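The analysis underlying the following values was restricted to heavy atoms, covering all of them including side chains, and did not include hydrogens, waters or symmetry mates. Predicted model only: the values in this text are computed from it and were never measured. Proteins get letters first, then strands, A, B, ... in listed order; numbering begins at 1 in each.
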Amino acid sequence: MLIKHANNFNNKLDVFNSIEGWCNQEQFYSLELVLSFIDNIHLTGDIIELGVFTGKSSGIFANYIGENETLKLVDMNMQYDVVNKNINKLTSNTPKIEFYNDMTWCISRFPKQTAKFIHIDAGHSYNNCWNDLNLSLPLLKDNGIIAVDDFFMDIYPQVTEATYNFVSDPNNNLRLFLYAGHKAYLCKKSTFDNVVRYIITNYKDYADITKQPFYLNKSSSFVDSKTMSIVPIGDNKDIKYYRGLDEDNSIFPSDYINIL
Amino acid sequence: MNELDLNQMSKSNLMPSKIKLEDLEKIDGFSWPIQLALIDLLCRYKKPKNALEIGTWHGRSAVIFASYVNDNQGVYWGIEPEQTRAQITEDNCKKVCPNGKIVVERNISNYSEILNNKIPWFDIVHIDGEHSFNAVYHDLDIVKTVILKEGLIILDDFFFDLYPQITQAVFKWLDDNPDYVLLAAGVCKGIICNKMQYRNYADIILNEEFITELKKYDTGYKNITITRTSPLMDCPTIGITTNVSISNYLGNECGDGKIEKIC
């Protein structure tokens, strides 16, 4: 499954980069990695995208819509032609797609626990983001993943605040397991060990196949914080694949996998 | 400093900068020019008497704080557990203010002497110590006991991909300490103040003078923008961003595009 996603990244990267939209190469990279986990555990279900814009990320998602699954796109200013065109550029798949030219609250009508992946990039106020998370959570299947866009963005501090406040509510039973390219990836607590172990174990292969200049980072222990991050290598040319504690880089990844 | 004093942090009261970025960059460290410029500008408005820094490295930001506290016969108090780095910080500070009161404690924040007497006396605090969730949360707890009500807390490596746990700790701490608010976030710095002082500080940052002065520093960024992209009642935090717009301000995306001010 990992190879399928890594190859899709490699094969579609040029087309992806030629499409107008906010989703960038680093985000494409992390999306494929996270989606490969969902494929790896054979989780089936819909993919829901809140905030579609030009459909650049919808085109990525369209590759992973199988039989009896639906890509549900929600945007209050849906650009049907542009979105369809871009989806067709990024997939040879002919998935079932439902368009909702509507506010995001329309997803409250969607059946519960049917989504394997939900991407939130709609209204960027604190309330919008919190409400979208609140509406999305009941739709998420047990091993599913929610991605929140524009996380750690100076221009939208309220998105980060809303996400942390939502995740820290124990009633929501969520963990923020990965930050990458201004996206926060959330899973249910019961999925945490599996998804983290999968990402740590497969990261080296994924980076090798895609040849991308990013490493997997965990700069404090999992006891301290549950969040890993994917970071551009930049000037840190000596870092290969993984970066651990500031004081003892060697502890990551093997010791962390043992802890998990 | 009372509210009246804070209101005096206005254009006529902004003191000239005491530092040269190119000199600071000669000191080993991680702070970018835009971060040093932001700290310097805050000090120019705040005119701190006493400044605390948890984690000094070689003293890039320490030199800024030391330069300003010296004017008021105040103290720069650094906490740095690593002996060599602490000594270098002290030496660098003394170069710019040879007669200033500089204390660089060779310690970790948990055992700092500042905790012996929990009287608030710091005007400005910079937290850049241990980068774990627990350490940052604990440092904020420590700072809460020693910072004046009108004080500013600046956090390093905020919204930073290498240390996501820092941002997580800050939001958790703010959730547990509702008297405080995240005033601003940007250039990997988070700035916290007491809620009662929010309006005063927000007025300063949203004043045309602030962005004009910030742009005067040679930070390598032509485009610096002050943002508040959602309504004030949705989230009060102001963004300080680089390279997102040629405008000085970006306001509510769902409104008229202007930054909402407190009436």
Side-chain angles (χ1 to χ4, degrees), chain A residues 26 30 76 122-131 150-169 175-185 214-232 234 236 239 243 245-247, chain B residues 30 34 82 130-137 157-176 181-191 224-245 250-255:
Chain A
E26 189 178 357
S30 67
M76 59 186 290
H124 280 48
S125 71
Y126 180 101
N127 283 321
N128 286 150
C129 181
W130 196 95
N131 282 329
D150 291 322
F151 195 78
F152 281 10
M153 284 278 278
D154 295 343
I155 190 172
Y156 302 115
Q158 61 272 13
V159 170
T160 306
E161 185 179 2
T163 305
Y164 272 128
N165 284 353
F166 192 82
V167 172
S168 66
D169 183 339
R175 280 197 171 147
L176 200 167
F177 67 93
L178 180 68
Y179 165 76
H182 294 297
K183 286 191 195 293
Y185 292 95
F214 305 106
Y215 59 85
L216 188 63
N217 172 73
K218 187 75 185 81
S219 51
S220 75
S221 74
F222 279 109
V223 178
D224 182 69
S225 162
K226 306 298 180 192
T227 311
M228 301 182 290
S229 56
I230 292 175
V231 179
N236 300 311
I239 297 177
R243 183 186 181 279
L245 299 176
D246 287 351
E247 56 270 31
Chain B
F30 305 97
I34 182 72
E82 211 280 320
E130 196 196 316
H131 281 36
S132 69
F133 175 99
N134 282 315
V136 172
Y137 189 97
D157 293 326
F158 192 74
F159 283 5
F160 190 43
D161 53 9
L162 218 55
Y163 304 105
Q165 61 273 11
I166 291 179
T167 310
Q168 183 189 1
V170 170
F171 281 116
K172 172 70 177 145
W173 189 84
L174 288 169
D175 206 26
D176 296 340
V181 63
L182 183 64
L183 166 71
V187 297
C188 288
K189 297 281 182 191
I191 305 171
I224 304 172
T225 304
I226 303 293
T227 70
R228 188 157 60 205
T229 50
S230 72
L232 180 60
M233 296 310 289
D234 179 72
C235 175
T237 306
I238 298 164
I240 301 168
T241 69
T242 52
N243 290 343
V244 296
S245 169
L250 277 181
N252 183 4
E253 291 186 341
C254 298

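Taking A:Arg243 as the reference, A:Asp246 meet the salt bridge (charged side-chain N to carboxylate O under 4.0 Å, His left out) condition, with sequence neighbours excluded. Applying the salt bridge (charged side-chain N to carboxylate O under 4.0 Å, His left out) test to A:Lys226 and every residue at least two apart in sequence or in another chain returns nothing.
The minimum heavy-atom distance linking B:Asn134 with A:Asp224 is given by the pair N-OD1, 2.9 Å. Considering every non-hydrogen atom in both B:Pro164 and A:Tyr164, the closest pair reads O-OH, 3.4 Å. A pairwise comparison of heavy atoms in A:Ser225 and B:Phe133 identifies CB-CB, 4.4 Å as the closest pair. Shortest non-hydrogen contact noted between A:Met153 and B:Phe159 is O-CE2, 3.6 Å.
Put simply, of A:Ser219, A:Ser229, A:Gly123, the one with the most heavy-atom pairs under 4.5 Å next to chain B is A:Ser219. Heavy-atom pairs under 4.5 Å with chain A peak, among B:Thr229, B:Leu250, B:Thr241, at B:Thr229. Note on B:Gly239, B:Ser230, B:Pro231: by heavy-atom pairs under 4.5 Å with chain A, the leading option is B:Ser230.
Judged by distance alone, with hydrogens and angles left aside, the side-chain atoms of B:Ser132 form no donor-acceptor pair with the main-chain N or O of A:Ser220 at under 3.5 Å. A donor-acceptor contact shorter than 3.5 Å is absent between the side chain of A:Asn127 and the backbone of B:Asp234.
When heavy atoms are compared at a cutoff of 4.5 Å, A:Tyr156 approaches chain B by way of both its backbone and its side chain. For a residue to count as touching a neighbouring chain, one of its non-hydrogen atoms must lie under 4.5 Å from one of that chain's; by this rule A:Asn217 touches chain B with the side chain only. Residue contact with chain A, scored on non-hydrogen atoms closer than 4.5 Å, involves the backbone of B:Phe160 exclusively. Residue contact with chain A, scored on non-hydrogen atoms closer than 4.5 Å, involves the backbone and the side chain of B:Leu162 alike. The contact between B:Thr227 and chain A is made entirely by side chain atoms (from C-beta outward), counting heavy-atom distances below 4.5 Å.
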